[in-house]
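Just so you know, ligand 1 is whichever comes first in the structure, and atom 1 is the first atom listed for that ligand. Owing to the predicted nature of the structure, the values given are computational and were not obtained by experimental measurement. In this chain, numbering begins with 1 at the start of the sequence shown.
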Amino acid sequence: MLLARLSLADFRNYQSLEIELQPGITTFVGANGQGKTNLIEAVNYVATLGSHRVASDTPLVRAGSTQAIVRAELKRDLQSTLVEIEINPGRANRVRINRSPVPRPREVLGLLRAVIFAPEDLSLVKGDPSERRRFLDDLLVSRNPRFAAVRADYDRVLRQRNSLLKSVQGSRPGNTPTTLSVWDDHLLDLGAELISGRLNLISSLKPYVVAAYETVAGVGSDVDMNYVAAASGISATNSERADVRVALAQALSEKQREELARGLTLVGPHRDEMFLGLRGLPVRGYASHGESWSCALALRLGAFDLLRSEGLEDEPMLILDDVFAELDTRRRDRLAQVAAAARQVLVTAAVAADVPAGMGGVTLKVNEGQVDVL
Ligand SMILES: Nc1ncnc2c1ncn2[C@@H]1O[C@H](COP(=O)(O)OP(=O)(O)OP(=O)(O)O)[C@@H](O)[C@H]1O
Ligand SMILES: [Mg+2]
């Protein structure tokens, strides 16, 4: 799927914008604070219904406005799809596909598949486990949009179960309300599905990340990725949903006393972690700045290659925000080769000289929320 046209109304610092985009590489150049990242954030919103920078939608709406609108025209062969998203912080967003309202915004997921690499991604390897869980779950949804519902349902069940546990906090095991066992079942079903999905994803993703690290860093470095579950008995070799459910159920019953004491759900995908290692040592807390950066980039490029390998008809878009400035010349050239092979790539840079000369494509100038051909 190609993004052929993007229009924004009151999104970040864009009052009104309409641009056409081509296949291949488009580079957005402009001084700091002009709106380069805002622009690719809008594109990524169409792909994921979320921002890669902020957790809430409020900052996405231009100061002084109540609503932002992002419109994207997607093209695949001769077929074109118009996606329109009304971002209404504090109220439900509204989505139209080909001018027809859809009952749930998440129906838009999967139409445009994109992998974005941005400076914030350093927290993918340096930040807390929630960053890596989000990475995995976003990629699960890109690979298979059905997981959007699993994830949303799991979050809802977790909230309900936690508030029930809070309300009976301090009670003794064996003396719990029957509604708790209903929530236990939902938690186990959805939790097992999510964990099993993540385990299979890591198995598929790992070889691509290892190869991407080599591409970026120029050396093979024994990159390791492993799922670490809060419940014991869950591992890559035991990734079937039914097996995961059994292990989760066992852990849940072992933790019942502690859960009742703390009023909190202590097992499930929300407590899990993805371990990243380099030459036998954890990346987090051990790797150098350059190694951490290469590792984060390798995760994104690996994700991109995985998606690409699975949908040749439907190549994902690659978005590289401000990445070249951080890399030395050799790494820049290697990344440029990766970009040259992709179907559609959006690149941002504050200085045109940071982008390798041979990249080619179209360069657009971003200035105070306006975009012009350079
Ligand atoms: N909701 C908003 N309303 C109005 N302006 C906003 C809003 N959110 C962000 N901005 C403005 O957008 C600008 C930042 O844009 P952006 O992050 O896209 O910059 P950039 O071109 O990527 O710069 P850099 O090269 O520093 O990364 C800031 O000046 C900020 O004040
Ligand atoms: Mg930026």
Return yes if a side-chain donor-acceptor contact under 3.5 Å exists between [X] and [Y], otherwise no.
{"X": "Ser292", "Y": "Arg284", "value": "no"}
{"X": "Tyr45", "Y": "Asn93", "value": "yes"}
{"X": "Tyr227", "Y": "Asp272", "value": "yes"}

Find the distance between CG (Asp322) and CD1 (Ile40) and round it off to the nearest 0.5 Å. 8.5 Å

Value rounded to 0.5 Å, distance of CG in Leu299 from CE in Met274: 5.0 Å

Residue among Phe324, Phe135, Trp293, Phe304 satisfying ring-ring contact (aromatic ring centres under 6.0 Å, His included) with Phe117: Trp293

May I have the step-by-step check of salt bridge (charged side-chain N to carboxylate O under 4.0 Å, His left out) for Arg330 and Asp333, ending in yes or no? CA-CA 5 Å; Arg330 268 184 29 230; Asp333 291 343; over 6 Å; no

I'd like the contact residues of ligand 1, where contact means a heavy atom below 4.0 Å. Arg12, Asn13, Ala31, Asn32, Gly33, Gln34, Gly35, Lys36, Thr37, Asn38, Arg53, Pro59, Val61, Arg62, Ala63, Asp322

Could you go step by step and tell me if Ile85 and Ile69 meet the side-chain contact (heavy atoms from CB on, under 4.5 Å) rule? CA-CA 6 Å; Ile85 307 174; Ile69 298 175; over 6 Å; no

Basic-acidic side-chain contact under 4.0 Å: Arg343, Glu315: no

So which protein N/O/S atoms does the Mg ion (ligand 2) have within less than 2.8 Å? Thr37 OG1

